[in-house]
Amino acid sequence: MVDDFLTRLPKAELHLHIEGTLEPELMFALAERNAITLPYADIDAARAAYDFRDLQSFLDLYFLGMSVLVGAEDFHDLAMDYFRRAAAEGVVHVEMHIDPQAHLARGVPLAEVMDGLVRACDTAREELDLSSAMILAFLRDKPAEDAMALLEQAKPFLHHFSAVGLDSAEQGNPPSKFRDVFARARELGLARVAHAGEEGPPSYIREALDELDVCRIDHGVRVVEDMELMERLADEGMVLTVCPLSNVRLKVVERLEDHALPRLLDAGLMITLNSDDPAYFGGGMRDNFAACQTAFGWSDDTLRWLAGNAIEAAFMDDTRRTELLTRLASA
Ligand code: HPA
Ligand code: ZN
């Protein structure tokens with residue numbers, strides 16, 4: 001393990017899609033295990049195909065890639081593969097979005113998904129000192145009724161989930177579409193987060209706050225187009241889970257140097273840094289911190305503050321939070 005500041009910094013990752021951690025090497029191994037034919041000649045060809053124009057062009061390959069996940073063992077191996085890489089770069093806590101609708105649509109039962117992932121989370125905690133939380137994500141380009149059906153179907157597993165989330169194609173699928181589902185999730189005692197303001201307009205961020213009662217906005221970077229909203233987010237201490245390398249790879253911004261991050265920090269927002277889909281976007285948590293350090297010239301104190309925001313905002317018990325904040329202070 002490299003002993004440098006960015007690796008030592010205890011990093012909590014609040015915005016990660018576990019299916020987006022599937023590296024081409026494991027994708028090919030699981031394809032062989034499950035006798036599935038991939039449309040890539042080899043591992044290099046898969047990586048070469050990860051040249052995205054926008055969110056949708058990524059989602060097409062993201063859903064294609066996850067087709068190799070069939071049984072509990074596949075989900076277990078997916079998560080363990082990620083946890084080992086993450087731990088090696090100083091990640092101490094992972095909150096994973098899971099997309100059950102994408103698996104159910106392929107005939108994979110929720111019990112298989114959960115069996116594999118829960119076992120991996122337990123092992124990570126014991127063997128890697130890596131804690132985790134799960135977020136039940138709804139695919140926003142599917143009908144709200146499907147999301148409600150998933151929430152009902154997930155009842156036997158809800159004790160594993162800290163929150164519900166909203167992901168997939170944002171444009172044309174406003175948060176308000178899921179008002180009833182999120183209200184139900186709240187009744188069931190789940191926290192709420194939602195992707196908003198990645199490709200969608202600032203009004204989607206406002207909707208997520210007002211209609212879904214979220215405690216975090218995933219991405220949220222388009223808030224810079226609305227000064228009043230930016231002030232509101234600062235006043236409310238709303239957490240934004242920003243994903244710098246993802247934003248570059250999905251052309252939300254042309255270059256990292258053009259990213260709104262410095263303006264968001266100046267405006268006093270509770271920013272966290274995250275990797276989103278590290279297997280597809282060219283880097284994990286340490287890479288995201290390092291890229292920002294280079295692009296914006298941030299000091300160690302700023303990077304420590306960002307890591308602290310994530311620990312403060314994480315779904316974890318106070319014992320773990322105190323432990324990680326203590327570790328952060330001495331990093
Ligand atoms: N945005 C929306 N949906 C997603 C993403 C993302 O970055 N990654 C996986 N599903
Ligand atoms: Zn995301």
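Counting starts at 1 for both ligands and their atoms, following the listed order.
- Residue Asp218 places no heavy atom under 4.0 Å from ligand 1.
- In this structure, the protein non-hydrogen atom closest to atom 8 (N) of ligand 1 is Asp277 OD2, 2.7 Å.
- The nearest N, O or S atom of His97 is not closer to the Zn ion (ligand 2) than 2.8 Å.
- Cation-pi geometry between Arg106 and Phe63 is not met: the NZ or CZ atom fails to fall both under 6.0 Å from the ring centre and inside 45° of the normal.
- If you check which protein heavy atom lies closest to atom 7 (O) of ligand 1, you get Asp276 OD2, 2.7 Å.
- Distance from atom 5 (C) of ligand 1 to its nearest protein heavy atom, with residue and atom name: His17 NE2, 3.5 Å.
- Using a 4.5 Å cut-off on side-chain heavy atoms (C-beta onward), Leu61 and Phe52 make contact.
- For atom 1 (N) of ligand 1, the nearest non-hydrogen atom of the protein is Glu198 OE1, 2.9 Å.
- Within the structure, the closest approach of Ser168 to ligand 1 falls below 4.0 Å when heavy atoms are considered.
- Defined by atom type and a distance below 3.5 Å, a donor-acceptor pair is present between the side-chain atoms of Ser176 and Glu207.
- In this structure the side chain of Arg321 reaches within 4.5 angstrom of the side chain of Asp318, judged on heavy atoms.
- Using a 30° and 60° split on the angle between ring planes, Tyr50 and Tyr40 fall in the perpendicular class, above 60°.
- Our summary of the site lists the angle at the Zn ion (ligand 2) between OD1 of Asp276 and NE2 of His15 as 80°, to the nearest 10 degrees.
- Listed by number with element, the atoms of ligand 1 under 4.0 angstrom from any heavy atom of Leu59 are 4 (C), 10 (N).
- Residue His219 has at least one heavy-atom neighbour below 4.0 Å for each of these atoms of ligand 1: 7 (O).
- Note on His195: its N/O/S atom closest to the Zn ion (ligand 2) is NE2.
- At a 4.0 Å heavy-atom cut-off, ligand 1 does not touch Glu19 at all.
- Under the 4.5 Å side-chain heavy-atom criterion for Ile, Leu, Val, Met, Phe, Trp and Tyr, Met285 and Ile311 are members of the same hydrophobic cluster.
- The shortest separation from a heavy atom of His97 to ligand 1 is not under 4.0 Å, leaving the residue out of contact.
- Classification of the His219-His195 ring pair by plane angle, with boundaries at 30° and 60°, yields perpendicular.
- Using a 4.0 Å cut-off between a side-chain N of Lys or Arg and a carboxylate O of Asp or Glu, Asp180 and Arg184 do not qualify as a salt bridge.
- A salt bridge is absent between Asp276 and Arg249; no separation between the charged side-chain nitrogens and carboxylate oxygens falls under 4.0 Å.
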